[in-house]
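Numbered from 1 within each chain, the chains take letters A, B, ... in sequence-line order.
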2 protein chains.
Amino acid sequence: MSDRVVPAAARRRRRPTKEGVVLSEELIVATALRLIEEHGAEALSVRRLGRALGADPSSLYRYFRHTDDLMLAIADELIGRTLRTWRPTGDWRADLRDLGLRMHAGALAHPRAAVLSSYRVTGRAHEIQAVETILGVLREAGFPDPEAVRVYHAFVDQALAFGALDSAGTALPKAARDAESAVWEATYARLPADTHPHIAATARHLVADMRRSSYPAALDLLLGAAAARLAEIQRRT
Amino acid sequence: MSDRVVPAAARRRRRPTKEGVVLSEELIVATALRLIEEHGAEALSVRRLGRALGADPSSLYRYFRHTDDLMLAIADELIGRTLRTWRPTGDWRADLRDLGLRMHAGALAHPRAAVLSSYRVTGRAHEIQAVETILGVLREAGFPDPEAVRVYHAFVDQALAFGALDSAGTALPKAARDAESAVWEATYARLPADTHPHIAATARHLVADMRRSSYPAALDLLLGAAAARLAEIQRRT
DNA sequence: TTCACAGGTCAACGGTGTTGTCATAAGGTG
DNA sequence: CACCTTATGACAACACCGTTGACCTGTGAA
């Protein structure tokens, strides 16, 4: 049973399921994404996916070794979609800012896939293309190779990490999410100034700021620092 | 059955389990942390925790409403431990750098708890203390309130997000983790220069850089940008 | 000494990913 | 066209998961 999976290229027979659906890697990935979109991240399980496809759950194991493999395929598809809508202008800082925001938004739209893909290297086609593109932006902006790689790494990981962080929040059941944001008003905003002077002094800002994602701010800080570094490098040569 | 849980303060009767253990919130949290440390993040389940404690799994529901509640308690304990070993010196940038690295290291040591706590507000004692402390560092450094809150938010979320990201990687089964890092050498380092010029040009740096966490680099970028902002603000007044 | 009930146990429910086994129709071959 | 191989589907079972309703019992206050 070790290799139930036949590589996509070698697939020949298109035998329909009991309910008449003809399975394929693409159809499975697309259906999984639809499932996540329509019913939330927690709606994705092998069994539910099987039901949605009109196939026995175990059939999916002919296409993916485990759920993990499936998630990686989904992740790569997401990378592709994100990159496809991005139009670089030649201004590296604006382009990376735009790309970062798009990656973050893409993660928010697909929480479960975002969490998984954030710490995995898919090694698939779309991912490779993304690496090539981002490195190109940085090198053409004038970053020397080691610096380009360092900034690339920090940029991508930060986008993925915040994407996973923020999307994990949205994946909570609604009741829990409401409870979360209530904590800031119910607990933090009511702490007395004598025991918690700094919280008390900034409570107003805290309540307002904590309900938003801090990713845009973090992204701007990162890009700002990178720009300063680039200026420094160019001044020195 | 809606309130099986008696608040910690009101607990009176210390009835031992069949195996003679006297349960308590502290003992449960401590045992859960030990379980994670010894057998990895995936070893933590209500049933296993029950077994490790010498108690029926359902007993835990007398102390925590659901596993989530338990994870939040664990997370708060971790915050407490991290803060306890931290010795601020008065240099805000060095202190925050040190704290960030400690938070990140703490997350790596407890992957499962890190992932969960990263996107939750516990509202418990240790968390509140941490917020107060960090805000204090920033305000005393001279950041005006709205700016202090913004930097606080970005700083904390970045530490949590990278902590979750990197610890999720370490939580992979060893085989999968090896496979991951192999991808960079096996796939990326071998792409031809004519189709992927930027990857090919930086392959050497990529292979070296991608196996490390990018958190320290990202943290330095963030703190650097914040420092520049502070200088700008102080110059203007 | 009594006795309410906190705090333990037990059994069950409905869910999950995964796999060993079997059946069958697709599609290449003669 | 008929045959045979085998890819690909279906089924049933396994071991686990979190959670809950019902029950039992020893604790500790009155």
**Item:** Rounded distance in Å - CZ (B:R62) to C1' (D:dT19)
**Value:** 13 Å

**Item:** Rounded distance (Å) that lies between atom C1' of D:dT25 and atom CG of B:D56
**Value:** 15 Å

**Asked** CG of B:L23 versus P of D:dT27: gap in Å, rounded?
**Response** 14 Å

**Earlier contact from the 5' end, DNA chain D, for B:Y61 and A:A55** = A:A55

**Prompt:** With respect to the phosphate group of C:dG8, does any side-chain polar atom (N or O) of B:Y63 fall under 4.0 Å of OP1 or OP2?
**Reply:** yes

**Message:** Looking at A:S24 and A:L27, would you say the former's side chain and the latter's main chain have a donor-acceptor pair under 3.5 Å?
**Reply:** yes

**Request:** Sequence neighbours left out, what passes side chain to side chain donor-acceptor pair (under 3.5 Å) with B:H196? Give chain and number order.
**Result:** none

**Request:** Take atom CZ of A:R65 and atom P of C:dG17, then tell me their distance rounded to the nearest Å.
**Result:** 18 Å

**Side-chain N,O (B:S59) to OP1/OP2 (C:dT9) below 4.0 Å** = yes

**Prompt:** Any donor and acceptor pair, going by atom type alone, linking the side chain of A:D76 with main-chain N or O of A:E127 inside 3.5 Å?
**Reply:** yes

**Prompt:** Quick check: does any side chain N or O of B:Q158 sit under 3.5 Å from a backbone N or O of A:A218, one acting as donor and the other as acceptor?
**Reply:** no

**Item:** Donor-acceptor pair (no angle test) under 3.5 Å: B:R15 side chain, C:dG8 base
**Value:** no

Distances under 3.5 Å only, N/O to N/O: pair up the protein atoms with those of nucleotides 13-16 of chain C.
| residue | atom | partner | partner atom | Å |
| --- | --- | --- | --- | --- |
| C:dT16 | OP1 | A:S45 | OG | 2.9 |

**Distance-only donor-acceptor test, A:R4 side-chain atoms vs C:dG20 base atoms, 3.5 Å** = yes

**Request:** Kindly say if A:K18 contacts the phosphate of D:dC11, meaning a side-chain N or O under 4.0 Å from OP1 or OP2.
**Result:** yes

**Asked** Taking CG from B:D68 and C1' from D:dT19, how many angstroms apart are they, rounded to a whole number?
**Response** 13 Å

**Message:** Using a 4.0 Å heavy-atom cut-off, does B:T17 contact any base of the nucleic acid, only the sugar-phosphate backbone, or nothing at all?
**Reply:** sugar-phosphate

Less than 3.5 Å apart, which donor and acceptor atoms pair up between the side chains of residues 46-54 of chain B and the rest of the protein, not counting sequence neighbours?
| residue | atom | partner | partner atom | Å |
| --- | --- | --- | --- | --- |
| B:R48 | NE | B:A43 | O | 3.1 |
| B:R48 | NH2 | B:E42 | O | 3.4 |

**Prompt:** Which heavy-atom pair separates A:A107 from A:G163 by the least distance, and what is that distance?
**Reply:** CB-CA, 3.7 Å

**Item:** Check: A:T187 side chain, A:W184 main-chain N or O, donor-acceptor pair, under 3.5 Å
**Value:** no

**Message:** Quick check on D:dA12: is either OP1 or OP2 less than 4.0 Å from any side-chain nitrogen or oxygen of A:S58?
**Reply:** no

**Asked** Rounded to whole angstrom units, what separation is found between the CD atom of A:E25 and the P atom of D:dG9?
**Response** 13 Å

**Asked** When the distance from CZ of B:F64 to P of D:dG18 is rounded to whole Å, what number comes out?
**Response** 14 Å

**Asked** Atom CD1 of B:I28 and atom C1' of C:dG8: how far apart are they, to the nearest Å?
**Response** 12 Å

